[in-house]
Number of protein chains: 2
Amino acid sequence: MLEPMSRRRSLLHEARCQTCSLSSLCLPLALEMDDMGQFDAIIRRRAPLKKGEPLFRQGDTFTSVYAVRSGSLKQVTAEGNGSEQLTNFYLPSELVGLDGIDEEQYPGSVIALETTTICEIPFDRLDLLSEELPELRVQLYRSMSKELRDDRRMMRLLSRKTADQRLASFLITLSDRFRRRGYSPYSFRLSMPRADIGNYLGLAVETVSRILSRFQQQNVVAVSGREVNILDMPRLITLAEEEEQTAS
Amino acid sequence: MLEPMSRRRSLLHEARCQTCSLSSLCLPLALEMDDMGQFDAIIRRRAPLKKGEPLFRQGDTFTSVYAVRSGSLKQVTAEGNGSEQLTNFYLPSELVGLDGIDEEQYPGSVIALETTTICEIPFDRLDLLSEELPELRVQLYRSMSKELRDDRRMMRLLSRKTADQRLASFLITLSDRFRRRGYSPYSFRLSMPRADIGNYLGLAVETVSRILSRFQQQNVVAVSGREVNILDMPRLITLAEEEEQTAS
DNA sequence: CGGTGGTTTGAACCAACTCAACTGAGGTGG
DNA sequence: CCACCTCAGTTGAGTTGGTTCAAACCACCG
C-alpha cells in the first residue's frame, strides 16, 4: 500500500504550504512566511485517496480538519432508515470536517469522488496555533462563517427553488468555484455522477438528467457525459434566479 | 423611547453573565468565574426589542454577535426578486450573527418575534479575548460547528422529508430546545405565525395548517392558536422519521 | 462480446401548491 | 356595547411539478 520512496518524498515536498499553489485560497491565506512555516509544521501528509475511498466515516472520532489539495469529495450522512443525504461537495482549498468539532465526531462520511490528495490538520494543534496567530484564528472563523452562509443559500435553494433553478444554480456555483481556482469557468468536468447531483439538490436522478437535456436543447449548456460547457452564462443566471417569465 | 432609570439599572444587573440563568448554555459556559468577569466586561447591554423590531438588517456591517437572553427572533434573507426565505429561529442562549463574520456584513435581517432581550458581543473584542481564554475560543468554534451541523440536518429535512415529517421534526426540535432551557417539552407557545413556520420548512401556510389539524385529529398534539401540547411524543418521533408505513 | 454501472427517455401518479372562500379573534371608534 | 374592519388561520377543490416505475441506451472493461 505504501508509495515508492521517491514518490512519497515528492508528495511531501509538494505538500509544503509555502510552495502550494492553493495557499492564497486556503487556511493560511493571511499568514506571513514565518508563520506559514509554523502552520506547515503541524500538517500531516496523507497518501492520496482513490475514488470511492473515505477520508473518514460518519461517527468517527473528530481529530482533525482536512484541506483538499487536489481532487474532490462528497459528504454523505446516513439516516436511521438507510437513506443517505449528500450535504456537500468539497473542492481544492476547501476545509472538510468543521462540523465535527462540537460533538467530537464527524456527522457524515466524506468520500473521494476521484483520486484526491489531502492535508490533515490536527485540530488540537490548530487550536493552539490559533492562539498565537490571530490571522489564522480569524481565517478559521471566516471559513466556518462562510460555510454557514453557503449552507443557508443551500437551504433557500432547497425550500424555494424549482428543479430548473436548482440545476442552474448548481452549475453557476461550480463554475464560480472553478474560476476562483484558476480553471475555466465555462468548461469543466463533473467529478460526481448524476445520482450524487440529484441527492445533493433534492431531486430524482431522472429529473437531473431531463433538465440537463433541456438546457442543452435550449443551447444554454453543452453536456456530454460529465463534461460541461456553459454556452450562455447570462441565460443560465436568469434561469437560476427567476422561474416566472411571462412569455411576451 | 428610553426606559426609566430604575428599570434600566435592573436590566443591566440582570444582564451580568455571573447571575444569568443561561450561563450554562451560553457562550461563557466553560469559563471560570474570573474569566467570566472578563467576558462579561466586553458585553454591551441593549434595550429590549419589541415584536417586529430588527436586531440588524440584511447588509448591515458586521460588528457583533448577539446572544439571546429572552424572547425569540427569526432570520430572513431577501432574494433579488423580492421573496424572502426564513433561515433560522433563535431562542434564549443561542448566538446570532455568526454567518456575518466572513463577508463582514449580515447575510440576512434578524427580527424579534416578541419582546426580546439581547446581549451584544463586539466581535473584535471577542476575538481578542478568545486569544487569552482557550475555553472561550473552543466554545466559539463549537457554537459555529453546532450551527453547521444543524444546518445540514435542515438541508436533509428540506430535500428528503415530506410535509408531515417536516412538521413533526419541527415540533420535536422546538420541544427539545425548550426542554434544554428548563421549560416543559410538552407544552409551549409558538412565538411565530404559521406563515413563518411554512416559510422556514419550505411549505405553504395552508399545508402547515392542514397538517397541524391532522396531527390534532390523530391525538398526537393539541393545538390551539399558538399554544401547542404534545400528547404523544413517541408517535411524533415516528412521524418525523419514517413516512413509509406498511399498514399491517 | 456479454456484463455492469451510469445515463437517458417515456408514461402514469401523487404530494403539495395555488386559488378561493370562510371563520374567528382582536382592535377601534361611533 | 356593538358594528365594523383587519389579519391570521382554517378548510375545500382543482392543478401541477417532480416523482416513481419501467425500459432502453451507452460506454467502458475484463
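Chain identifiers are assigned alphabetically (A, B, ...) following the order of the sequence lines, protein sequences preceding nucleic acid strands; residue numbering begins at 1 within each chain. No hydrogens, no waters, no symmetry mates; every other heavy atom, side chains included, goes into these values.
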Fill in: Donor-acceptor pair, side chain of B/Ser72 and main chain of B/Tyr90, under 3.5 angstrom
no

Worksheet item: Are A/Tyr66 and A/Phe56 near enough that their ring centres are under 6.0 Å apart?
Response: yes

Discussion item. Is B/Thr207 close enough to C/dA15 that one of its side-chain N or O atoms is under 4.0 Å from OP1 or OP2 there?
Written reply: no

Worksheet item: Would you call B/Arg214 and B/Asp164 a salt bridge, taking side-chain N to carboxylate O under 4.0 Å as the test?
Response: yes

Practice prompt. Could you tell me whether B/Leu212 contacts a base, only the sugar-phosphate backbone, or nothing, with contacts defined as non-hydrogen atoms closer than 4.0 Å?
Written response: nothing

Worksheet item: Just how far, in rounded Å, is P of C/dT7 from CG of A/Asn199?
Response: 14 Å

Item to complete: Return the value, rounded to whole Å, for the distance between atom CD of A/Glu206 and atom C1' of D/dA23.
Response: 12 Å

Discussion item. Check the phosphate of C/dT9 against A/Ser209, side-chain N and O only, distance under 4.0 Å to OP1 or OP2. Yes or no?
Written reply: no

Worksheet item: Once you round it to whole Å, what is the distance between P of D/dC25 and CZ of A/Arg194?
Response: 19 Å

Item to complete: Take atom CG of A/Leu167 and atom P of C/dT7, then tell me their distance rounded to the nearest Å.
Response: 13 Å

Item to complete: Return yes when atom CZ of A/Arg57 has more than 12 non-hydrogen atoms of other residues, nucleotides or ligands closer than 6.0 Å, and no otherwise.
Response: no

Worksheet item: Does B/Arg181 pair with B/Glu94 as a salt bridge, N-O distance under 4.0 Å?
Response: yes

Worksheet item: Taking CE from A/Met192 and P from C/dG5, how many angstroms apart are they, rounded to a whole number?
Response: 21 Å

Practice prompt. Give a yes or no on whether a donor-acceptor pair under 3.5 Å exists between the nucleobase atoms of D/dG12, that is its base, and the side chain of B/Arg210.
Written response: yes

Discussion item. Can you measure B/Arg214 atom CZ to D/dT11 atom P for me and round it to whole angstrom units?
Written reply: 12 Å

All N/O pairs under 3.5 Å across the protein-nucleotides 15-17 of chain D interface:
none

Worksheet item: Under 4.0 angstrom, heavy atoms only, what part of the nucleic acid is A/Gly202 near: base, sugar-phosphate, or nothing?
Response: sugar-phosphate

Discussion item. So if I take every side-chain heavy atom of B/Pro193 and compare against C/dT7, D/dG18, D/dA8, which nucleotide ends up nearest?
Written reply: D/dA8

Worksheet item: Among side-chain atoms of B/Gln165 and B/Thr162, is any donor-acceptor pair under 3.5 angstrom?
Response: yes

Worksheet item: Among all residues two or more places apart in sequence or in another chain, which pass the ring-ring contact (aromatic ring centres under 6.0 Å, His included) test with A/Phe89?
Response: A/Tyr200

Worksheet item: Could you give the NZ-to-P distance, from B/Lys51 to D/dA8, as a whole number of Å?
Response: 9 Å

Worksheet item: Rounded to the Å, how far apart are B/Leu201 CG and C/dA15 C1'?
Response: 16 Å

Worksheet item: What nucleotide among D/dT11, D/dT20, C/dT8 has an atom nearest to a side-chain atom of A/Ser213?
Response: C/dT8

Item to complete: Respond yes when some side-chain nitrogen or oxygen of A/Arg226 is under 4.0 Å from OP1 or OP2 of C/dT7, and no when none is.
Response: yes

Worksheet entry | Options D/dA8, C/dG6, C/dC17, nucleotide nearest the side-chain atoms of B/Leu203 | C/dC17

